[in-house]
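Everything below concerns the one structure shown next.
FYI, side chains are in, hydrogens and waters are out, and symmetry mates aren't considered; it's all heavy atoms of this structure. Remember, predicted model here, so these are calculated numbers, not experimental data.
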Amino acid sequence: QVHLVESGGGLLQPGGSLRLSCAASGFTFNMYAMSWYRQAPGKERELVATINYNGESANYANSVAGRCTISRDNTKNTVYLQINSLKPEDTDEYYCQVIHLLQSYWGQGTQVTVSS
C-alpha cells in the first residue's frame with residue numbers, strides 16, 4: 001500500500017534553512033505529482049508546494065514563494081522541501097501527500113519549530 005515517511009524536522013533558528021524529505025513506497029512514484037502541506041494546531045492544513053511527476057514544474061504558496069524549493073529524486077522515490085530564511089511563522093507540522101487512484105495519502109508528518 002501507499003506509504004509516505006517524512007523526516008528532517010526539528011528546532012531551527014530564524015533566518016536558517018530546513019530540508020525535509022519524504023520517502024515514498026507502494027506506488028509508481030515517477031508517475032505522480034507530490035505535494036507538501038503544513039498545519040498548525042487548530043488551523044487548516046495549508047498547501048505549501050507541489051511538484052509534477054518528473055520534477056519539471058512546481059507551484060508554491062505565496063507564504064513561501066521565493067524562499068522555498070520543492071524537488072524530487074525519482075531514482076530514490078523521495079521528494080524534498082527546502083525553505084530558506086526561516087520565520088517563526090514557518091513553525092508547523094509538515095506533511096507530504098500524494099493523490100493515488102483518486103485517494104489522498106499522507107505521511108505521519110514532521111514537526112518544524114522556528115524559534116530563537
Side-chain angles (χ1 to χ4, degrees):
Q1 70 269 24
V2 174
H3 196 213
L4 303 173
V5 180
E6 301 94 338
S7 61
L11 176 62
L12 300 152
Q13 295 209 341
S17 298
L18 69 81
R19 188 186 193 221
L20 304 178
S21 301
C22 172
S25 60
F27 63 103
T28 306
F29 182 76
N30 62 10
M31 293 180 65
Y32 290 87
M34 298 293 299
S35 297
W36 283 97
Y37 283 76
R38 63 185 183 183
Q39 186 173 25
K43 294 189 176 181
E44 290 189 3
R45 198 164 288 190
E46 173 195 23
L47 176 62
V48 178
T50 298
I51 189 167
N52 76 331
Y53 71 100
N54 64 5
E56 292 185 357
S57 177
N59 293 292
Y60 300 93
N62 289 337
S63 57
V64 297
R67 56 188 187 95
C68 179
T69 302
I70 186 172
S71 60
R72 64 191 297 159
D73 186 338
N74 284 350
T75 67
K76 297 181 179 179
N77 286 6
T78 301
V79 61
Y80 305 97
L81 183 73
Q82 175 149 352
I83 304 180
N84 302 318
S85 302
L86 286 166
K87 306 175 182 179
E89 49 264 44
D90 293 319
T91 296
D92 275 320
E93 188 85 9
Y94 285 73
Y95 300 88
C96 66
Q97 181 240 27
V98 65
I99 298 175
H100 177 257
L101 300 179
L102 302 180
Q103 184 166 348
S104 183
Y105 293 87
W106 302 88
Q108 83 289 347
T110 185
Q111 177 65 40
V112 172
T113 302
V114 182
S115 174
S116 55

Rounded to the nearest 0.5 Å, how far does [atom2] of [Y] lie from [atom1] of [X]?
{"X": "T110", "Y": "Y95", "atom1": "OG1", "atom2": "OH", "result": "10.0 Å"}
{"X": "T113", "Y": "Q13", "atom1": "OG1", "atom2": "CD", "result": "13.0 Å"}
{"X": "L20", "Y": "W36", "atom1": "CG", "atom2": "CH2", "result": "4.5 Å"}

Least distance between heavy atoms, [X] atom then [Y] atom:
{"X": "P14", "Y": "S115", "answer": "CD-C, 3.6 Å"}
{"X": "A49", "Y": "Y60", "answer": "CB-CD2, 3.6 Å"}
{"X": "L86", "Y": "R67", "answer": "CA-NH1, 4.0 Å"}
{"X": "D92", "Y": "E89", "answer": "OD2-O, 4.1 Å"}
{"X": "E6", "Y": "G109", "answer": "OE1-N, 2.9 Å"}
{"X": "I51", "Y": "S71", "answer": "CD1-CA, 3.6 Å"}

Would you be so kind as to tabulate the donor-acceptor pairs closer than 3.5 Å made by side chains of residues 98-105, with sequence neighbours excluded?
| unit_1 | atom_1 | unit_2 | atom_2 | d |
| --- | --- | --- | --- | --- |
| S104 | OG | Q97 | NE2 | 2.9 |
| S104 | OG | W106 | NE1 | 3.3 |

Could you tell me whether the side chain of [Y] reaches within less than 4.5 Å of the side chain of [X], counting heavy atoms only?
{"X": "L11", "Y": "Q111", "result": "no"}
{"X": "L4", "Y": "M34", "result": "yes"}
{"X": "Y80", "Y": "T69", "result": "no"}
{"X": "Y32", "Y": "V2", "result": "no"}

In terms of heavy-atom contacts, does CD of E44 have more than 12 from other residues, nucleotides or ligands at under 6.0 Å?
no
Does any pair with a residue in residues 18-30 pass side chain to side chain donor-acceptor pair (under 3.5 Å), and if so which ones, sequence neighbours excluded?
none
List in chain and number order the residues that pass side-chain contact (heavy atoms from CB on, under 4.5 Å) with N77, two or more places apart in sequence or in another chain; answer none if no residue qualifies.
F29
Criterion side chain to side chain contact (heavy atoms under 4.5 Å, CB included) on R38 and V64, from CA distance to verdict
CA-CA 11 Å; R38 63 185 183 183; V64 297; 3.9 Å; yes
Following the transitive rule for hydrophobic clusters with a side-chain heavy-atom cut-off under 4.5 Å over Ile, Leu, Val, Met, Phe, Trp and Tyr, establish whether L18 and Y37 coincide in one cluster.
no
Y53 with V79, same ILVMFWY side-chain cluster at under 4.5 Å:
no
